[in-house]
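Reviewing the structure listed below.
Labels below follow one simple rule: chain letters A, B, ... track the order of the sequence lines, proteins then strands, and each chain is numbered from 1.
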Protein chains: 2
Amino acid sequence: MRVLVVEDEQNIAAAVDRGLRAEEFDVDIAENGEKALGLIRHNDYAVIVLDLMLPGRNGYDVCRTLRAAGITTPVLILTAKDGEYDEADALDLGADDYLTKPFSFVVLLARIRALLRRSTPQRSPVLRAGDLWLDPAAHRCGRGDERLDLTPREFGLLEFMLRNPDTVVSKTELLAQVWDAWFEGDPNIVEVYVGYLRRKIDTPFGRSAIETVRGVGYRLDAKGG
Amino acid sequence: MRVLVVEDEQNIAAAVDRGLRAEEFDVDIAENGEKALGLIRHNDYAVIVLDLMLPGRNGYDVCRTLRAAGITTPVLILTAKDGEYDEADALDLGADDYLTKPFSFVVLLARIRALLRRSTPQRSPVLRAGDLWLDPAAHRCGRGDERLDLTPREFGLLEFMLRNPDTVVSKTELLAQVWDAWFEGDPNIVEVYVGYLRRKIDTPFGRSAIETVRGVGYRLDAKGG
DNA sequence: GGGGATGCTGAGAGTCCGCTGAGAGACACG
DNA sequence: CGTGTCTCTCAGCGGACTCTCAGCATCCCC
């Protein structure tokens, strides 16, 4: 668990550093915005603790730059009670939480832990095509209320097709994506597995989500057939 | 991009509303389940943000009703950490993603964007000539609402002509582009396939999108005939 | 209006493509 | 060591598609 602390006041930085290390975190300290952005670019932090009042590029600036670059690492803002930014600003500029100085270290630690808890279960959303659904994270899928029992290969095939609904995917593409890029066997394997899949997701329901496009490939109907 | 936010807590609803509008979304707010279902029935939302704890019909109820009605709009559930429903429930009842309160707006926005990316995959543009259309990615085509069932060769021929509307293309050019550059058979094959195509895209509709230019080739009318 | 050139069309044959059932090999588990 | 599950290969079938060919229609120039 790596944490970046952006803070120019030496004593605060040192205190936080010491405290977090005692809690088994890896800590990096940046004393200004430039250094912070440099570190963030080259490291993968679990949380960033960011003081707003910094020399040069301030915290406000750092946070916006960060978000603009598509970095979604949780940011905890530190503000002075009498500062020019208030809590609303802090959240508006892309922070996930804020803390007003002075704060106790226990509170800071609690907030950091809360952010970590929240950001770790990054589950991918459920894929859908009509009443056909597949949850990649839970590795479950079904049609309507009925659960479907698929083998790993069948599951992979369906997942890939659900990620490309209403698009024809060729057998070679499927081989490369669902099997592996260097697959050298008989491409007929795709037909075989499409057959298996149909017998599980279509035939029993009298539907046809997977359509054959002769000479081109297969297409999953976005409405589920 | 229209988003429905179902949330009874005024301050949260207002904050989300403000944030989403700043990001160029059209936002509707519903403060209870009844109103939400009413709005959903009459509008086409890109995403629905749904709080589970609502007065009257709760979010659980709303989501199930929605799915039962065959509406597949992505739903993002908001749950309180200490609520009676957990994430597993949220996904089981037909949601696409969930977020635990408290959440930061950036995270919410990121999740909404992820759902949008999935439901509106950027696809190659659909080719058109009047009411005649062809979607290369989905490998589908039709005239108006009517779908046309073409063989691969017919499809290739129509696609090429749609990419060169109002332009005379010679038979040798068609042979080279739709068949292959080394084609050595009877060039009459082009006439044969133009015939097949006409019988599918023109004759049944009393139209004539493909015109013969004697001694030169064929031209597809950009207005679809 | 004749006649050659050009384009259209129906019939049919051969080929290619995709689907399926049977079964072998790999692997995990009891 | 047997049993069950999963993955993959193979061969045959049936049907869809492509293409050829020959005869007919149409156009255009003389």
Side-chain angles (χ1 to χ4, degrees), chain A residues 139 141 147-161 168-204 207-220 225, chain B residues 139-141 147-161 168-204 206-220 225:
Chain A
H139 220 266
C141 71
R147 282 285 172 75
L148 293 171
D149 187 26
L150 304 185
T151 72
R153 190 69 83 197
E154 290 161 0
F155 192 90
L157 181 57
L158 181 58
E159 178 173 347
F160 183 76
M161 299 202 72
V168 175
V169 283
S170 68
K171 282 180 222 174
T172 44
E173 200 174 341
L174 287 170
L175 276 177
Q177 300 288 338
V178 181
W179 278 258
D180 62 86
W182 302 264
F183 186 88
E184 301 233 327
D186 192 342
N188 166 255
I189 187 67
V190 177
E191 295 160 21
V192 174
Y193 269 85
V194 166
Y196 293 159
L197 209 45
R198 280 176 168 154
R199 264 170 268 177
K200 289 186 179 177
I201 71 171
D202 279 341
T203 319
R207 308 282 283 279
S208 52
I210 303 180
E211 301 160 281
T212 302
V213 182
R214 195 162 232 274
V216 189
Y218 297 94
R219 175 181 53 216
L220 186 118
Chain B
H139 217 267
R140 285 200 271 233
C141 70
R147 281 275 281 283
L148 295 171
D149 188 25
L150 305 185
T151 73
R153 190 70 82 200
E154 290 161 1
F155 192 90
L157 181 57
L158 180 58
E159 179 173 349
F160 182 76
M161 300 202 71
V168 178
V169 284
S170 69
K171 283 179 219 173
T172 45
E173 199 175 342
L174 286 170
L175 276 178
Q177 299 288 338
V178 181
W179 276 258
D180 60 85
W182 304 248
F183 187 85
E184 302 227 329
D186 191 343
N188 166 255
I189 189 68
V190 177
E191 295 160 18
V192 174
Y193 269 86
V194 167
Y196 292 160
L197 210 44
R198 280 174 168 155
R199 262 171 274 176
K200 289 185 178 177
I201 71 171
D202 280 341
T203 319
R207 309 282 281 280
S208 52
I210 303 179
E211 302 159 275
T212 303
V213 182
R214 210 180 166 75
V216 189
Y218 298 94
R219 176 180 50 217
L220 186 118

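- Comparing the end axes of the helix from C:dG1-D:dC30 to C:dG30-D:dC1, each fitted to five base pairs by superposing C1' atoms of four pairs onto the next four, gives an inter-axis angle of 20° (nearest 10 degrees).
- Here A:Tyr196 lies in heavy-atom contact (under 4.0 Å) with a base.
- Put simply, OH on B:Tyr196 and OG1 on B:Thr151 are 9.0 Å apart, with the number rounded to the nearest 0.5 Å.
- One interatomic measurement links the two molecules: CZ of A:Arg153 to P of D:dT9, which rounds to 10 Å at whole-angstrom precision.
- Here the side chain of A:Thr212 is nearest to one of C:dG18, D:dC19, C:dG10, namely C:dG18.
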| query | So B:Val194 and B:Arg198, side-chain contact (heavy atoms from CB on, under 4.5 Å) or not? Walk me through it. | reply | CA-CA 6 Å; B:Val194 167; B:Arg198 280 174 168 155; 3.8 Å; yes

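- What separates CD1 of B:Ile189 from P of C:dA11 is a distance of 17 Å, to the nearest Å.
- When the P atom of D:dT18 is taken as reference, atom CZ of B:Phe155 falls 13 Å away, rounded to whole Å.
- Nearest nucleotide to the side chain of A:Tyr193, out of C:dC19, D:dC19, D:dT7: D:dT7.
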| request: Under the side-chain contact (heavy atoms from CB on, under 4.5 Å) rule, what do A:Arg153 and A:Ile189 come out as? Steps first, then yes or no, please. | output: CA-CA 11 Å; A:Arg153 190 69 83 197; A:Ile189 187 67; over 6 Å; no

| What string of B, S and - do you get for nucleotides 24-30 of chain C 5' to 3' if you count protein non-hydrogen atoms under 4.0 Å? | -------

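- Here D:dG4 presents its P atom at 17 Å from CG of A:Asp149, a figure rounded to the nearest Å.
- Atom-to-atom, CD of A:Glu191 to P of D:dC13 comes out at 17 Å; the value is rounded to the nearest Å.
- In this structure, the salt bridge (charged side-chain N to carboxylate O under 4.0 Å, His left out) partners of B:Arg207, at least two apart in sequence or on a different chain, are B:Asp131.
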| request: Give the C-alpha distance, both sets of side-chain angles, the deciding distance and a yes or no for side-chain contact (heavy atoms from CB on, under 4.5 Å) between B:Val168 and B:Tyr218. | output: CA-CA 5 Å; B:Val168 178; B:Tyr218 298 94; over 6 Å; no

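- Within the structure, a side-chain polar atom (N or O) of A:Lys171 is placed less than 4.0 Å from OP1 or OP2 of C:dG18.
- OP1 or OP2 of C:dC8 lies within a sub-4.0 Å distance of a side-chain N or O belonging to B:Tyr218.
- Take B:Ser170 and apply the side chain to side chain donor-acceptor pair (under 3.5 Å) test, not counting sequence neighbours, and it matches B:Thr172.
- Atom NZ of A:Lys200 is separated from atom CG of A:Leu158 by 11.0 Å, given to the nearest 0.5 angstrom.
- Protein atom CH2 of A:Trp179 is 15 Å distant from nucleotide atom P of D:dC6, rounded to whole Å.
- For A:Arg198, a side-chain nitrogen or oxygen approaches OP1 or OP2 of C:dC19 to under 4.0 Å.
- Rounded to a whole Å, the CG atom of B:Leu197 is 16 Å from the C1' atom of C:dG7.
- With a 6.0 Å radius and a threshold of 12 heavy atoms from other residues, nucleotides or ligands, B:Asp180 has its CG atom above the threshold.
- Smallest separation of non-hydrogen atoms from B:Leu150 and B:Glu154: CA-OE1, 3.4 Å.
- Under the 30°/60° scheme for interplanar angles, the aromatic rings of A:His139 and A:Phe155 are found to lie parallel.
- Note that CD1 of B:Ile210 is 4.0 Å distant from CD1 of B:Ile201, once rounded to the nearest 0.5 Å.
- Nucleotide C:dG18 holds its C1' atom 13 Å from the CZ atom of A:Arg199, rounded to whole Å.
- For B:Glu211, the salt bridge (charged side-chain N to carboxylate O under 4.0 Å, His left out) partners two or more places apart in sequence, or in a different chain, are B:Arg219.
- Distances shorter than 4.0 Å separate some side-chain N or O of A:Thr151 from OP1 or OP2 on D:dT7.
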| Nucleotide by nucleotide, 5' to 3', does protein get under 4.0 Å of the base (B), only the sugar-phosphate (S), or neither (-) in nucleotides 21-30 of chain D, counting heavy atoms? | B----BB---

